[in-house]
Q: 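One structure follows; several queries about it will come next.
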Amino acid sequence: MEETKGQGKETERLLRLLEEEQNLDGEALSRLLALQKLDKLKLIAENTMDVVCLHHPSDGQYLYASPSTERIMGYTSDDLKGKVPFDFIHPEQYSKLLKNVSNSSVGFSSMPEKLELKFRTKHHGYQWFEGYTKPIFDKKGNVLLVLSCTRNIQDRKLAELERKEKEIIQQNLLLSSILFEKKKHIIKKIEHRILEVEPDTRKELSSILCHIQETMNLDEDWEDFMMHYKKVHPDFYSKLSTHYPNLSQKDMKHLAFIKIGMTSSDVSRIMMVKKESLRVIRNRLKKKLGLSVSEDLISFVQRL
């Protein structure tokens, strides 16, 4: 069998043995591992998802790196000779790692603290890793070696950061939509008051109102709302437009408010309608969306 790139020798030995023996049950496989004297620690080290390293306790130099290091970080043992973790960590996180390594090198024996740090990989730049360091003692209680164990959490961290960003945008959307509708309400009230004044002064006041509207930038506020909204729910409006072309702009706005988690009270206040009227509006919306009266509009919108 041709050796698979990146596989360790012990793994290759096991694979060759398993090719020769078909349909091994648990007991037979256990005997095979014992008889062939496979180095099980090496087998584990070759296939672990963690980067396991041993370091000198005084300066943190790499003394050993598990074979998984090359697969996960791109570095061979030769790449790490004479190097220390600080050669790879993001500069902004030196102090965080220094404290952790210092605790390990003096022999603190409490449960190791897990850290999330950015390390420079060989081929993909800085990526997020989670890990810990732990002292290994000799019989006299002195720190002989420092063990480090790290795992790549880049995908998880990016997802977490994206989720937090979306939460912040969602909160800002809620606030901006409330402010936007309040501005509109104020403008409407001023317009009604202008209609009550004498015709001679009405024209001048209307001109002033135009200036106020420009200053308040209502259109820009809505466009800004939509820009941020599409970051959080990129396909929402396109799905609605494609599948439900009979929805009005007001309907779309109403559904957008539901999608970002506004309560019925919030929507009533923003749309300036009573709760009883909101129920009627939502029943009409259900008809446009092809939902029955018993179906829940909010659950339907959240699934979109």
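Bear in mind that the values here come from a model prediction, so they are computed numbers and not experimental data.
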Q: Report the distance from atom SG of C149 to atom NZ of K134, rounding to the nearest 0.5 Å.
A: 11.0 Å

Q: Using the side chain to side chain contact (heavy atoms under 4.5 Å, CB included) rule, take S248 and K253 through it: C-alpha gap first, then chi angles, then the decisive distance, then the call.
A: CA-CA 9 Å; S248 67; K253 196 186 295 186; over 6 Å; no

Q: At their closest point, which heavy atom of P57 faces which heavy atom of L145, and how far apart are they?
A: CD-CA, 4.3 Å

Q: Calculate, to the nearest 0.5 Å, the distance between atoms OG1 and CG belonging to T76 and D79 respectively.
A: 3.5 Å

Q: Please work out which of the three classes, parallel, tilted or perpendicular, describes the rings of F88 and Y75, given edges at 30° and 60°.
A: tilted

Q: Centres of the H55 and Y62 rings: under 6.0 Å?
A: yes

Q: Are the side chains of D50 and T150 in touch, meaning some heavy atoms are under 4.5 Å apart?
A: no

Q: To the nearest 0.5 Å, tell me how far Q61 CD sits from K83 NZ.
A: 10.0 Å

Q: Starting at CD of Q93, measure out to CZ of F119 and round the result to the nearest 0.5 Å.
A: 8.5 Å

Q: Can you check whether R282 reaches I258 side chain to side chain, under 4.5 Å on heavy atoms?
A: yes

Q: I'd like to know whether L289 forms a side chain to side chain contact (heavy atoms under 4.5 Å, CB included) with L297, so could you lay out the CA-CA distance, the side-chain angles of the two residues, the decisive distance to 0.1 Å, and finally the verdict.
A: CA-CA 9 Å; L289 295 168; L297 178 65; 3.6 Å; yes

Q: Linking I/L/V/M/F/W/Y whenever their side-chain heavy atoms sit closer than 4.5 Å, directly or via other members, would I298 and L240 fall into one cluster?
A: yes

Q: Determine whether F137 and L144 satisfy the following criterion, side chain to side chain contact (heavy atoms under 4.5 Å, CB included), listing intermediate values before the conclusion.
A: CA-CA 5 Å; F137 301 94; L144 183 65; over 6 Å; no

Q: Any heavy-atom pair between the side chains of L247 and L285 that's under 4.5 Å?
A: yes

Q: Tell me, do F129 and Q127 make a side-chain contact under 4.5 Å, heavy atoms counted?
A: yes

Q: Do Y126 and I153 belong to the same hydrophobic cluster, where Ile, Leu, Val, Met, Phe, Trp and Tyr are linked whenever their side-chain heavy atoms lie under 4.5 Å apart, directly or via other members?
A: no

Q: Under the side chain to side chain contact (heavy atoms under 4.5 Å, CB included) rule, what do K259 and L255 come out as? Steps first, then yes or no, please.
A: CA-CA 6 Å; K259 186 70 175 176; L255 295 172; over 6 Å; no

Q: Around D155, counting heavy atoms of other residues, nucleotides and ligands shown, do more than 12 lie under 6.0 Å from its CG?
A: no

Q: Can you tell me how far apart CZ (R303) and CG (D296) are? Round to the nearest 0.5 Å.
A: 8.0 Å

Q: Are there over 12 heavy-atom neighbours, none belonging to E276, within less than 6.0 Å of that residue's CD?
A: yes

Q: Please give me the minimum heavy-atom distance between G60 and P85, naming the atom from each residue.
A: O-CD, 3.3 Å

Q: Under the 3.5 angstrom rule, does the side chain of T242 hit a backbone N or O of S238 as a donor-acceptor pair?
A: yes

Q: Answer yes or no: are there more than 12 heavy-atom neighbours, outside K81 itself, under 6.0 Å from its atom NZ?
A: no

Q: Within a strict 4.5 Å, meaning less than it, do heavy atoms of the H254 and I281 side chains meet?
A: yes

Q: Side-chain contact test, heavy atoms from C-beta onward, threshold under 4.5 Å: evaluate it for N152 versus W128 and give yes or no.
A: no

Q: Test of understanding: clusters of I, L, V, M, F, W, Y form through side-chain heavy atoms closer than 4.5 Å, transitively. Do F86 and L115 belong to the same one?
A: yes

Q: Determine, stepwise, if the pair R279 / S264 fulfils side chain to side chain donor-acceptor pair (under 3.5 Å).
A: CA-CA 9 Å; R279 278 195 287 271; S264 297; over 6 Å; no

Q: Would you compute the distance between atom OG1 of T121 and atom CD of Q154 and round it to the nearest 0.5 angstrom?
A: 8.5 Å

Q: Under a 3.5 Å cutoff, is there a donor and acceptor pairing between the side chains of S265 and T263?
A: no

Q: Would you say S148 and Y132 make side-chain contact, with heavy atoms under 4.5 Å?
A: no

Q: Please report the shortest heavy-atom distance between S292 and K286, naming the atom on each side.
A: O-CD, 3.7 Å

Q: Is R156 paired with E130 through a side-chain N to carboxylate O contact shorter than 4.0 Å?
A: yes

Q: Is it the case that atom NZ in K288 sees more than 12 heavy atoms from other parts of the structure closer than 6.0 Å?
A: yes

Q: Does M73 share a hydrophobic cluster with L158, counting links as ILVMFWY side-chain heavy atoms below 4.5 Å and allowing steps through other members?
A: no

Q: Please confirm whether the backbone N or O of V84 pairs with a side-chain atom of D87, one donor and one acceptor, at under 3.5 Å?
A: yes

Q: For E116 and R151, what are the C-alpha separation, side-chain angles and deciding distance, and is it a salt bridge (charged side-chain N to carboxylate O under 4.0 Å, His left out)?
A: CA-CA 10 Å; E116 290 184 357; R151 173 171 293 193; over 6 Å; no

Q: Are I136 and V52 connected in a single hydrophobic cluster, I mean Ile/Leu/Val/Met/Phe/Trp/Tyr linked by side-chain heavy atoms less than 4.5 Å apart?
A: yes

Q: Can you confirm whether L147 sits close enough to T133 that some side-chain heavy atom of one is under 4.5 Å from a side-chain heavy atom of the other?
A: no

